[in-house]
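For clarity, every value in this text was computed on a predicted model and none was experimentally measured. Values below: every heavy atom of this structure, side chains too, minus hydrogens, waters and symmetry copies. Order of the sequence lines sets the chain letters (A, B, ...), proteins ahead of strands, with each chain counted from 1.
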Amino acid sequence: MDELRPVTTICYYDLGGKLHQMACKVTTVPFRGTKEQEEKLLAVIAELRDTPGALMPIMQRAQDIYGYLPIEVQTIIADQMNVPLEKIYGIATFYAQFALAPKGEYRISVCLGTACYVKGSQPVYDKISELLGIKEGECTPDGKFSLESCRCVGACGLAPVMMINDDVYGRLVPDMIPDILKKYE
Amino acid sequence: MEQYTVKINGIEVTAPKGTTVLEAARMAGVTIPTLCYLKDINAIGACRICVVEVKGARGLCAACVYPIAPNMEVFTHTPRVVAYRKKTLELILSDHNCSCLSCVRSGNCELQALCKEYGVENEDAYAGAKNPSELDESAVHMVRDNSKCILCRRCVAACEKNQGIGVIGANERGFKTKICSAFEMDLADTSCVSCGQCIAVCPTGALYEKSNIDDIFAAIADPDKYVVVQTAPAVRAGLAEEFGKPIGTNAQGKMAAALRRLGFDKVFDTNFGADLTIMEEANEFLDRVQNGGKLPLITSCSPGWVKYCEHYYPEFTENLSSCKSPQQMQGAITKSYFAEKMGIDPKKIVSVSVMPCTAKKFEIGRDNQSGAGLPDMDYTMTTRELARMIKRAGIRWDDLPEEDFDHPLGEGTGAAVIFGATGGVMEAALRTAVEKLTGETLPRPDFVEVRGTDAIKEATYHVAGMDVNICVTSGLANAAKVLDMVKSGEKNYHFIEVMACPGGCVNGGGQPQVHASVRNFTDIRAERAKVLYSLDEANTIRKSHENPEIIELYDKFLGKPGSHKAHELLHTTYVKRVVNKKF
């Protein structure tokens with residue numbers, strides 16, 4: 001399962017006019033948070049900040065507001081709660097329920113459950129990852145596709161299986177992937 | 001306090017309720033091995049090395065977090081326990097980069113020591129996938145090599161709990177867990193202050209300083225260079241530990257001899273720079289008090305503290321003393337006054353320091369640290385790096401004679417040598433400031449209220465008709481508490497001393513690494529500080545303004561403290577930074 005491990009990506013930040021290269025795992029999808037979303041988040045923080053163990057519920061509500069927890073949102077929480085950004089990131093990467101990247105317009109979900117895996121879903125997954133240039137949990141910069149693995153969609157007879165939103169594709173081989181993706185572009 | 005009697009390997013021990021099995025075993029003369037446990041800051045029972053058999057308990061218990069109970073019977077080294085520990089070590093090695101031959105910690109690695117102790121013969125007993133990892137070499141002062149990390153989280157605890165910073169932590173989960181910063185940012189892009197406390201507590205070679213010793217050896221070998229070295233007060237209180245001597249051994253004389261044998265052209269003492277700092281800082285303090293300047297004045301000798309202040313309390317940067325640290329002052333004077341006096345081209349001088357500190361590696365690259373038009377300092381190495389140089393040069397520590405420093409930048413007073421312990425700068429400043437304010441000689445120059453390893457020390461001195469409120473703190477989490485009290489108006493101090501590392505420089509991030517088995521049961525801060533206070537006691541000159549070389553420096557070169565020339569050479573500026581970058 002080596003291929004599933006996230007590998008360092010390079011991001012560029014504009015720090016006071018100086019383009020600065022930073023090795024890190026910030027999503028390449030531009031942040032599109034609105035003023036209304038930020039106000040909602042600030043209200044949530046104001047409501048919960050004094051309750052013990054407030055961080056987790058605040059992070060859950062933040063994810064409800066934004067759909068995911070990018071560095072911009074985690075930074076707001078860190079600054080408001082006066083806790084290290086790292087602490088929030090540690091929680092966000094520990095629990096599978098938190099996402100660091102948004103879901104794409106088309107959510108690709110490849111089954112890596114036992115039956116699909118035995119029938120060769122890993123090479124299918126790898127092909128998608130290679131063609132889209134994204135890894136587990138990530139989203140293409142244009143916001144179109146996101147990629148995740150899942151465990152059993154209940155169609156083992158069609159193994160290996162993947163879903164793109166509600167469309168189910170079965171008996172896949174890697175060569176079929178380019179044509180399937182084309183349908184959504 | 002309720003007392004419980006327990007049996008450890010059949011030996012009866014009575015200890016207060018709340019004592020852990022680990023501590024009770026120590027009282028019975030038994031060392032239970034630990035890897036993740038660090039007293040007061042990291043009792044998480046995660047590494048499973050400290051497991052013991054407790055009669056009646058279902059499984060093995062983690063001694064570091066298991067409290068004693070009345071009549072408890074504990075067995076610490078049964079065959080079952082020993083086999084379990086060995087297996088745990090083999091499992092740790094299954095995801096460990098076992099390149100011990102070239103590892104900076106080889107010979108002083110806690111994991112290596114335990115593997116030897118428990119007879120681990122096969123590093124690949126559980127061969128399999130290893131976590132991919134990259135070196136983080138982004139910071140100027142250190143390297144993180146996660147391939148050697150055992151996930152004990154001692155660095156995380158030191159950073160978050162002692163220093164109140166928390167720029168590193170355990171991220172992801174399960175096999176993929178790794179210690180890094182948020183979003184796997186480079187350490188250089190975080191609000192890390194370079195204090196090196198993470199390195200000081202790391203049990204393995206996963207964290208280490210960026211070494212400059214190859215550059216320094218090359219400079220010494222270059223006939224066109226004039227290489228000058230200075231050593232900080234705290235180095236002499238720690239260096240001997242690298243040569244197997246007990247904690248609290250004074251290494252001053254042998255250290256000077258070793259530096260001379262390494263080939264440095266001049267062996268100076270940062271104590272001279274410390275006395276100079278006091279002259280300037282005491283003057284600055286009196287000036288601020290008498291002329292309505294910004295108070296409280298806060299010391300600026302500790303570069304980790306300065307960077308912390310800039311990141312976390314930027315509103316206090318105007319309170320920081322504009323004085324450079326002793327290292328930088330000494331560097332500036334070396335390339336101006338000393339060069340002039342000796343007729344040496346300052347461009348040929350390579351200025352090297354030995355520091356108990358990793359933040360000094362950051363400090364030498366700061367802006368406004370080039371008093372003589374050249375960088376005040378060229379290289380700075382830690383106490384550990386100096387020990388490596390001495391060993392590489394084949395110098396036999398035990399055979400070294402006791403030698404003195406060179407002059408004219410080698411004379412230091414008792415006031416200067418205590419800079420290395422928390423409270424020392426304050427005491428040194430008071431010795432000079434009080435005499436200047438009152439115009440009288442202090443009968444005894446001891447200000448014992450500011451000594452000791454307490455987190456926060458306060459005192460009020462009645463001087464020349466004025467109550468002077470002072471505060472001394474060390475460890476950045478404590479500094480935050482002090483600043484919060486100043487901010488809220490709860491406290492009204494005139495002068496505050498802050499050292500980034502708990503206990504001051506003697507416990508700096510560049511000092512010899514002490515195994516947790518010792519650190520958890522000995523206060524290394526207090527033991528090393530004793531060396532400095534006894535050197536102070538033994539010195540015939542105990543006030544900075546009585547240092548003859550300092551008097552001569554002002555007479556012949558600088559004029560008065562706070563003069564234009566002094567400002568050009570010895571003072572600096574600060575910047576305001578942020579904790580989290582804004583997007």
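The structure places CG of A/L85 at 5.0 Å from CE of B/M185, a figure rounded to the nearest 0.5 Å.
Closest approach of A/L100 and B/F183 over heavy atoms only: CD2-CE2, 4.3 Å. Here the shortest heavy-atom pairing between B/E184 and A/Y89 reads CG-OH, 4.0 Å.
Around the NZ atom of A/K40, the shell of radius 6.0 Å holds no more than 12 heavy atoms that belong to other residues, nucleotides or ligands. Within a 6.0 Å radius of NZ in A/K144, more than 12 heavy atoms belonging to other residues, nucleotides or ligands are found. In B/D367, the CG atom is not crowded: 12 or fewer heavy atoms of neighbouring residues, nucleotides or ligands sit closer than 6.0 Å. For A/R107, the CZ atom counts as loosely surrounded, since its 6.0 Å shell holds 12 or fewer non-hydrogen atoms of other residues, nucleotides or ligands.
Ranked by heavy-atom pairs shorter than 4.5 Å toward chain A, the options B/G166, B/G174, B/A188, B/S191 are led by B/G166.
Each of B/N171, B/I168, B/V167 was checked for a side-chain contact (heavy atoms from CB on, under 4.5 Å) with A/E86, and the lone residue meeting it is B/N171.
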